[in-house]
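Numbered from 1 within each chain, the chains take letters A, B, ... in sequence-line order.
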Number of protein chains: 2
Amino acid sequence: MPPAIIRSAPERLSRPQQVAEAIKSWVMANGWGPGERLPSETEMIARFGMAKGTIREAIRILEAQGLVKSRTGPGGGVFVHQVSEERATALLGNYFYFQHLTIDDVYQIRAVLEPELAAGLAGKLTPAQLAALEDVMTCYAAPAENAEEERAQHIASLRFHALLAEMSGNPLMRFLIRFVTNMLADITVSRKLYVQPNHELWASGLDYQSRLVAALRAGDADQARQILRDHMHNAHRLMRMQETVLTQRFLPEGDII
Amino acid sequence: MPPAIIRSAPERLSRPQQVAEAIKSWVMANGWGPGERLPSETEMIARFGMAKGTIREAIRILEAQGLVKSRTGPGGGVFVHQVSEERATALLGNYFYFQHLTIDDVYQIRAVLEPELAAGLAGKLTPAQLAALEDVMTCYAAPAENAEEERAQHIASLRFHALLAEMSGNPLMRFLIRFVTNMLADITVSRKLYVQPNHELWASGLDYQSRLVAALRAGDADQARQILRDHMHNAHRLMRMQETVLTQRFLPEGDII
DNA sequence: CCCAATTTGTTCGTATGTATC
DNA sequence: AGATACATACGAACAAATTGG
């Protein structure tokens, strides 16, 4: 019987990494939450018996992971920080930079997550939320007349999905859909797909989305699910015609739909 | 019309962060891939006109993100490194540390992803892969007789799912399922759920998994999908009886199923 | 086995920048 | 405006690890 849990190779950690881990456990042990201040550099130097440089590198490691932020000046210091969605997106994006994802890979996920999301939201959105969705839809109420408009409309239609995800009460669902959506937006921007107006994509996208909002308002979960299933299938088909392999690039944290 | 892409607040970057970003772009611009060596510290000090400490902090930032690794000695230096699954898992786990996920949240995702995974694998696994799955199943062929065995079996059953995910040709699917599965394993370990033998969970899990392997071998995608749907529904029900809110903790990169 | 060269890792002292009072 | 408290940055020296002779 193989060990249930495989602990990866021991892999000696450098001193700053050890300190970073120690600080992390320290924060957890004390139950410090976002906004709370960690001991100052000087105190940490004493606490860990290490030089300033080492402590600073440890802080940098935690900062890169999005776990702390530091401010200068009196009342400044290092503060526990809730990892932001942007940061998490960028860090996970780095992982997929080295995997080669295809359009099919991404749409296989979208095709199951998005319908489930829609079904879960049916009948649970406030009038304000429904209005916000319709507001995004106005961005592509009319067919695009040039490449620039086409691109803007495509991004806006992805924004519709990101907005929908944000309304989910499930943080995992929310993050996953927004991550995948951002990835698609990133591709279209970097590859400049959709340079030629694609009337079919426009018409089908708009139609699906307005029917979806209607179903969400009516509280019809099954219909919402089915609409998004069809939409995903269609969008996949149209996307596949344009490109099969996604370009990868490091996401410079900050761009997010 | 709102801007299509929202760029988050300017937020001045510290010098090391700027350098880290510069190095990242540098690597991309030169098309350096995993294993390739970056210029030495000394060269970077000259290249960027900054002190050693600053350069080192920048390297640490990239190292924390899993993008580089450094080695000492002759022939040593800083090397581009493919972000590992373990690292990506740990970093994303930090994000969810601050979100409060419920069992329901996690199972809503599993319930749609796992059946889709199984359907995609039907008829595509080699005899060796099918044997590997059956091998894991032997870990819980007999009912557990005490709490320790119970726990080991539960982890092994999660390992079955992680192994299945690993066989997917879709890197996104693979990562997402393994991430969620690890998250569940982490919970059960930290909370020590399943301290009391739960015969129903054992019997149903084993039955579902053996039927699943049969369906996969037979190449029956629809049946595989349906089996996993039922399994997820049942596992969700049994888990929900035990706990509703997940404990969160920082994942100390390395533990992975 | 030891020695020398190379490259990262760590330390310390000092000085600068920045925000608060 | 000035003093204070904190992070930030610099530079020089030394330590540790690895490779090859």
Heavy atoms only, 4.0 Å cut-off, all strands: where does B:R56 land among base, sugar-phosphate and nothing? base
Between CE of B:M50 and C1' of C:dT16 the distance, given in whole Å, is 15 Å
A:R71 CZ to D:dC6 P, in whole Å, measures 13 Å
note: B:K69, atom NZ; C:dG9, atom C1'; distance rounded to Å ~ 16 Å
Comparing B:A51 with A:S40, nearest DNA chain D nucleotide closer to 5' gives the residue A:S40
In whole angstroms, the gap separating P of C:dT8 from CD of B:E63 amounts to 12 Å
With heavy-atom distances below 4.5 Å as the criterion, would you say the side chains of B:E116 and B:N170 are in contact? no
Query raised in the report: Thinking salt bridges, do B:R60 and B:E63 make one under a 4.0 Å N-O criterion?
Result: yes
When rounded to whole Å, the CZ to C1' distance for the pair A:R60 and C:dT10 reads 17 Å
In whole angstroms, the gap separating P of C:dT7 from CG of B:L38 amounts to 14 Å
In whole angstroms, the gap separating C1' of D:dA9 from CZ of B:F48 amounts to 16 Å
Ignoring backbone atoms, test whether A:S70 places a side-chain nitrogen or oxygen under 4.0 Å from the OP1 or OP2 oxygen of D:dT8.
-> yes
Is any side-chain N or O of A:R15 closer than 4.0 Å to OP1 or OP2 of D:dA16? no
Ranking B:E57 and B:K52 by the position along DNA chain D of their nearest nucleotide, the one closer to 5' is B:E57
note: A:I45, atom CD1; D:dC6, atom C1'; distance rounded to Å ~ 12 Å
Any base atoms under 4.0 Å from B:G77, or only sugar-phosphate, or nothing? Heavy atoms, all strands.
sugar-phosphate
Per nearest nucleotide of DNA chain C, the residue lying toward the 5' end, A:G53 or B:P39, is B:P39
Mind checking whether B:V106 and B:L184 have side chains closer than 4.5 Å, heavy atoms only? yes
For the pair A:E43 and A:R47, evaluate salt bridge (Lys or Arg N to Asp or Glu O under 4.0 Å) and give the outcome as yes or no after the intermediate values. CA-CA 6 Å; A:E43 288 175 84; A:R47 173 83 165 68; over 6 Å; no
- Phosphate-side-chain proximity, B:T42 and C:dT7, N/O vs OP1/OP2 below 4.0 Å: no
Which of A:R178, A:R159, A:R174 passes salt bridge (Lys or Arg N to Asp or Glu O under 4.0 Å) with A:E166? Answer is A:R178
By nearest-nucleotide position on DNA chain C, the 5'-leaning member of B:I59 and A:T72 is B:I59
